[in-house]
Student: 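Sharing a structure here in structure tokens format.
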Amino acid sequence: MRELLAPYGIEAQSAGELKLPSRKRRDVRRNARIKAVRRMKATGKIAFADDSGLVVDALGGAAGIHSARWAGPDKDFRFAMNRIRPC
């Protein structure tokens, strides 16, 4: 996101850089909105957020926002996708 905004003269800071806490929610879209609103209130700055996750039909839509747990300690999403790839 930082690279996408830079050509417009917008300098983005991450929540980690601002030392803001992270909280988990069930819905990807809702989670992104909650993150943005929380960070806006915490900093008084305009904020935007995203969220993502792997959605696997065979797992009833899981893992969703919990995909990072499937990606292991290194947050390797290729590893996560390979874990759920059909045999």
Side-chain angles (χ1 to χ4, degrees):
M1 286 188 197
R2 190 182 319 247
E3 291 173 11
L4 292 172
L5 295 171
Y8 302 98
I10 300 171
E11 184 180 325
Q13 291 179 283
S14 72
E17 291 167 340
L18 295 170
K19 299 188 182 352
L20 297 174
S22 172
R23 296 192 184 182
K24 303 294 182 197
R25 292 284 185 258
R26 288 177 283 169
D27 178 84
V28 172
R29 193 173 296 172
R30 181 174 175 227
N31 199 28
R33 179 178 168 81
I34 289 168
K35 287 179 183 180
V37 170
R38 241 189 218 131
R39 287 164 181 146
M40 182 185 66
K41 289 178 179 178
T43 64
K45 298 179 180 184
I46 295 171
F48 64 94
D50 74 320
D51 205 8
S52 62
L54 299 172
V55 176
V56 182
D57 291 339
L59 297 175
I65 64 166
H66 302 292
S67 296
R69 296 176 187 166
W70 290 54
D74 296 326
K75 305 293 186 238
D76 181 344
F77 282 92
R78 183 166 306 283
F79 171 77
M81 288 187 291
N82 287 333
R83 280 184 70 190
I84 60 172
R85 186 177 67 210
C87 298

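All residue numbers refer to positions in the sequence shown, counting from 1.
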Student: Mind checking what makes side chain to side chain contact (heavy atoms under 4.5 Å, CB included) contact with Lys41, not counting sequence neighbours?
Tutor: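 Applying side chain to side chain contact (heavy atoms under 4.5 Å, CB included) to Lys41 gives Val37.
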Student: Identify the two heavy atoms, one from Ala12 and one from Glu17, that lie closest to each other, and give their separation to 0.1 Å.
Tutor: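 Shortest heavy-atom separation between Ala12 and Glu17 comes out as O-OE1, 4.3 Å.
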Student: Can you sort out the partners of Ala36 under side chain to side chain contact (heavy atoms under 4.5 Å, CB included), two or more places apart, ordered by chain and number?
Tutor: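 Ala49.
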Student: Kindly compute the distance separating CZ (Phe48) from CG (Leu5), expressed to the nearest 0.5 Å.
Tutor: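 So the CZ of Phe48 and the CG of Leu5 are separated by 4.5 Å.
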Student: Could I get the full list of side chain to side chain contact (heavy atoms under 4.5 Å, CB included) partners for Ala32, not counting sequence neighbours?
Tutor: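 Result, side chain to side chain contact (heavy atoms under 4.5 Å, CB included) vs Ala32: Asp51.
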